[in-house]
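Structure, as structure tokens:
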Protein chains: 2
Amino acid sequence: MLLYLQSNLFIMKSLLSNLKISVPDKIYLKDPESSKLGKRIIEHSILLIDKIGFDSFTFKKLGVEIGSNESSIYRYFESKHKLLVYLTSWYWAWIEYQMVFTTFNVQEPKEKLLKAIEVVTETIEQDDSFSHINEVLLNKIIIDESSKSYLTKEVDNENKDGYFIVYKRMIKRLRNMILEVNSDYKFASSLASTIVEGALHQHFLKEHFTSITDCNDNISPSEFFKDLTINAITN
Amino acid sequence: MLLYLQSNLFIMKSLLSNLKISVPDKIYLKDPESSKLGKRIIEHSILLIDKIGFDSFTFKKLGVEIGSNESSIYRYFESKHKLLVYLTSWYWAWIEYQMVFTTFNVQEPKEKLLKAIEVVTETIEQDDSFSHINEVLLNKIIIDESSKSYLTKEVDNENKDGYFIVYKRMIKRLRNMILEVNSDYKFASSLASTIVEGALHQHFLKEHFTSITDCNDNISPSEFFKDLTINAITN
DNA sequence: GCAAATATAATAGCATTACTATCAACCTTA
DNA sequence: TAAGGTTGATAGTAATGCTATTATATTTGC
């Protein structure tokens, strides 16, 4: 199955190189995909946030990193918060694409669901379709920082403005696959959101709080959540 | 069972009024429980963080709120981050106490586990044992802000210094109760940590992202996690 | 009841942050 | 070649996250 997944990934990557991951345009002032500087902002923001953490990250420091001016970065994003929202949206849109592609031709609902869970919970492998984006580091940022994008006093307004649609849409797809296996299951949405956030959390724990997780180099969060899901919905 | 739980709570509260919730002393410079000002700092930090959010919260604003000086607050806590770590430790120690007390005399492992899950996942009711602490608001803060206490570049050092032992100890108790029901279950630690963080997350979703949760006024996160746990570990 | 010790308040100061504004330079492309 | 848009440089501002110093209360121990 791993081999199958990998060859799938190969086909998908060649497809993706002609595609643009679509992020809601309210998030940015100017589309960073539309210019060289914009791409450098995305590329180096990922490197810098991974290096010093989102809390210490500033546009001034990013400016130094890309040999550009702070004020130029402000022309793309209103604030570092919006940049984080952009990065998380991009990430989930990319995961969503992989999820849809990987499960598209799978008939058996259970097999389909398990593949989808794998896509959202597995450790990320480098994808070279988007040369300026380091997906491995972006995944680390999602694990360490993404919850800060919605744990704010402005969530409800930003949610109304569509900042989190990609994330919610991806979770709804997962919920639907759960319901395809068992349409009587009462908690499909909660299970889907628990799988996604829970997997990020288990990845965090295996790096920092090893005593309260079973996940490590041998047991992956993916394994745990596949077992959990199957037991929860099939009886 | 609800009645039984409530009478238990009554006995527990009278007990608690003679007890002090113990928080690791590395977290503070001066024990806020040791003075009137210290207690005012805790009391009003809960009110103010709930009101304006942790990101906008500053010691200067808190000083205004309690009619005291910024520099006086700095004598109790090095930073607002440490104050958050203090509040979360206090909260989990309080939950841990309720968990131990509520399950103490319960013989049947499954019943014991279900009661423990209820304690960690249910919406909090006001507890008047600690007059300066509003547990309902503190619970809201835990839902909205607690992950910021460990999602930092300093986690590993702070973890070594024991900042998170209360939290980890509470999760280990829950893991042990899972193992008492089924000692062969392979993911007891991951399940315990998923229940605790997952419940906070579901509480957040039912307030802000209702489309990706099944939880609402009729279905509680507690119900979901009890069902999930039983299906996961019994077969 | 008074002195000593301790806690708190007031003020100032400082580097950094998170921006905004202005203007100049440059680079396209019609 | 003029016009429009993009980027860079510089400056400025209010707020943040502290530290330091000194003065004033308050508690306590004798």
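Just so we're on the same page: letters track the sequence lines, and every chain starts at 1. Values below: all heavy atoms of this structure, side chains included; hydrogens, waters and symmetry mates excluded.
Defined by atom type and a distance below 3.5 Å, a donor-acceptor pair is missing between the side-chain atoms of B:T88 and B:S146. In summary, the side chains of A:S220 and A:E122 do not present any donor paired with an acceptor at a separation below 3.5 Å, with no hydrogens or angles considered. Counting only N and O atoms by type, the side chains of A:H132 and A:E33 include a donor and acceptor under 3.5 Å apart. With hydrogens and angles left out, the side-chain atoms of A:D156 and B:H208 include a donor and acceptor closer than 3.5 Å.
Considering only side-chain atoms of B:Y76, the nucleotide from C:dA7, D:dT7, D:dT10 that sits closest is C:dA7. Closest to the B:K30 side chain, of the nucleotides C:dA7, D:dT21, D:dA20, is C:dA7.
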Identify each atom pair where a protein N or O and an N or O of nucleotides 16-19 of chain C are less than 3.5 Å apart, giving names and distance.
residue, atom, partner, partner atom, Å
C:dC19, N4, A:E70, OE1, 3.4
C:dC19, N4, A:E70, OE2, 3.4

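When the side-chain nitrogen and oxygen atoms of B:S35 are compared with OP1 and OP2 of C:dT8, one or more of them lie within a distance under 4.0 Å. Using a 4.0 Å cut-off, some side-chain N or O of A:S72 falls inside it from OP1 or OP2 of D:dG8.
Aromatic ring orientation, B:H201 versus A:Y150: tilted (interplanar angle from 30° to 60°). Using cut-offs of 30° and 60° on the angle between ring planes, the pair A:F164 and B:F209 is tilted.
A donor-acceptor contact under 3.5 Å is not formed by the side chain of A:R75 with the base of D:dG5.
A straight line from CG of A:N69 to P of D:dA9 spans 6 Å, rounded to a whole angstrom. Going from atom CZ of B:R40 over to atom C1' of C:dA7 covers 15 Å, rounded to whole Å. Look at CZ on B:F77: it is 15 Å from P on D:dT19, rounded to the nearest Å. D:dG5 atom C1' lies 18 Å from atom NZ of A:K36, rounded to whole Å. Here D:dG17 presents its P atom at 12 Å from CG of B:L83, a figure rounded to the nearest Å.
Ionic pairing of A:D144 and B:K153 is not present here: no N-O contact between side-chain nitrogen and carboxylate oxygen is shorter than 4.0 angstrom.
Backbone-only engagement by B:S68 is indicated by non-hydrogen atom pairs under 4.0 Å involving sugar-phosphate atoms exclusively.
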